[in-house]
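Notes follow once the structure below has been shown.
Basis for what follows: all heavy atoms, side chains included, without hydrogens, waters or symmetry-related copies. Indexing begins at 1, ligand by ligand and atom by atom, following the structure's order.
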Amino acid sequence: MKQLRNRLLLAFLLAALGPLVVSLWVTSALLERSLSLNSTREMDSLSKALRATGRELYQQACENLRSAVETGRLRPERFALSARTTWPPEVAAFHESGRNEGFALAGPKGDRLEMLVRRDTEVLRYTRQMKSSQLPRLAEMYTSAWDRVEESRTRDLRSGFLYPLLLIGAAGGVLTIVVLVFFAHRISKPVHQLTQALERLAAGDLSVRVAPRRKDEIGAALEAFNRMAEQLEQSRERLILLTRLSSWQALGRKMAHEVKNSLTPIRLTVEEMAARQPAGVDRQFFEQAAAIIVDEVNRLEKRVRAFSDLAAEPPVHFTDFDINEVMEERIAFLRSAHPEVLYNLRLAPRAPLVRADEDLVRGVLTNLLENAAEAAGAGGVVLGITAIHDGALRIEVHDSGPGLSLHARETLFEPTISFKKTGMGLGLSIARKSALLSGGDIECIPGELGGAAFRLTLRPAATSSVHLSETETEWAQSES
Ligand code: ADP
């Protein structure tokens with residue numbers, strides 16, 4: 001399963017990172033080309049030329065000023081050492097520099113040239129207004145050209161652009177991989193789960209289920225698996241029951257045959273013996289003894305008939321019929337046999353017809369209702385319900401009797417031999433066999449009236465079965 005995840009990851013990576021790598025390559029190639037066209041070098045030489053021209057102009061202006069001073073054409077401003085505290089800062093700075101002569105541009109626009117001369121007792125300042133404003137403008141142009149050159153030098157465009165681009169690309173790649181790993185895991189995990197569950201199912205563990213936890217197609221596949229496992233488990237349980245019943249049937253058939261053969265002669269002989277006794281006290285005793293024996297023989301015959309029923313293999317005839325009608329008819333029948341019990345009905349309106357063997361279903365309902373009426377007793381209540389659930393028909397019988405013990409619940413549908421006055425202990429196993437042969441099933445459910453409750457599930461007419469199919473029914477009949 002790791003292989004599937006790895007393949008998904010590889011496919012996703014190629015699909016997502018391929019275009020990213022191509023776009024990074026194209027962008028860096030374009031950047032290289034545009035950088036090769038840049039004008040930094042030209043700007044550099046231009047700024048140097050401007051600087052040289054500016055310097056020449058400045059030196060010339062300084063020479064002119066010096067000759068004007070030497071020829072005495074200019075009068076200086078005098079700054080006496082004694083009044084040093086009142087000097088402007090540039091004069092004080094010049095005096096402190098220790099030089100004898102210095103030039104500087106001054107004025108708000110830098111269009112005045114000053115010459116400072118140091119004497120022992122004073123500093124002289126000669127000022128001349130520059131005729132043209134070319135020098136300051138040149139200085140300005142030079143400064144801005146130089147700034148531009150410096151700026152483009154300090155900023156390495158290649159790394160300044162490429163590194164963020166690579167960083168964004170790498171971040172995008174990492175994010176893509178995280179998302180891809182998440183999705184690959186999300187896809188491969190349930191497939192892995194399903195494969196493991198299928199392996200366990202194939203090994204015979206029909207109780208295996210997977211947790212769907214999602215609403216998409218994969219969730220639907222997991223749910224379908226669970227349904228299939230559920231149906232397989234139920235079918236296996238039913239087939240096990242039918243197989244066990246079939247061995248009981250074989251035993252029952254043989255016993256019924258053997259016992260019935262002996263019972264008839266016993267009864268006839270005892271009756272004959274009683275009839276041949278001469279009149280008197282002994283005859284009366286004989287008649288009473290014969291009556292007891294005949295009574296017991298009759299009960300034994302009844303039991304034998306029950307085993308014959310269990311062993312019987314009546315052909316199953318599937319027909320479509322109204323289950324509400326059968327329920328009403330069975331309750332009416334029971335009302336006369338147990339008038340001391342109250343009967344309630346809660347029937348599904350517009351219930352679809354069921355597809356089953358009507359006689360078998362009638363027998364099942366008779367058994368369930370009889371048991372319920374007996375358990376409910378005088379003044380007790382029996383409730384008959386029909387309902388539709390998940391496309392199947394549910395027929396329920398609830399009673400207000402004492403309910404079933406845990407042990408009774410576990411062995412309820414197992415054939416047992418009971419020698420109590422009423423019942424043989426075979427009714428529910430015969431009923432379940434009939435339900436299975438009719439394509440349905442019987443189960444014990446929590447009762448609404450405080451007592452026991454049983455549910456018979458049957459499939460409706462003209463739908464595919466979720467229970468024992470007709471093919472399974474044929475198989476079950478051929479097994480038994
Ligand atoms: P029987 O022929 O003895 O009635 P069943 O198979 O029909 O055999 O029932 C088996 C046993 O299950 C009964 O003897 C009874 O103890 C118990 N049982 C069945 N139905 C009910 C019920 N509605 N309430 C309480 N016990 C029940």
Close-contact set for ligand 1 against [X] heavy atoms, below 4.0 Å:
X: L412; result: 12 (O)
X: G403; result: 25 (C)
X: A375; result: 22 (C), 23 (N), 24 (N), 25 (C)
X: A452; result: 22 (C), 23 (N), 24 (N)

> Does the N or O separation between L428 and ligand 1 drop below 3.5 Å for any pair?
Replying inline: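 Indeed, backbone or side chain, L428 has an N or O that close.
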> Is there any N or O on D399 that sits under 3.5 Å from an N or O of ligand 1?
Replying inline: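 Yes.
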>> Show every salt bridge (Lys or Arg N to Asp or Glu O under 4.0 Å) that has at least one partner inside residues 194-210, sequence neighbours left out.
In response: R200-D205, R209-E230, R209-E233
>> Could you tell me if the side chain of F454 sits less than 4.5 Å from the side chain of I445, heavy atoms only?
In response: no
For [X] versus [Y], what's the shortest heavy-atom pair and its separation?
X: H338; Y: Y343; answer: O-OH, 3.0 Å
X: L232; Y: L206; answer: O-CD1, 3.7 Å
X: A376; Y: S400; answer: CB-OG, 4.1 Å

>> Tell me every residue that passes salt bridge (charged side-chain N to carboxylate O under 4.0 Å, His left out) with E358, counting only those two or more places apart in sequence or in another chain.
In response: R362
>> Heavy atom to atom 19 (C) of ligand 1, shortest distance: which of L368, N371, I430 holds it?
In response: N371
> So which bit of N367 gets within less than 4.0 Å of ligand 1, heavy atoms only: side chain, backbone, both or neither?
Replying inline: side chain
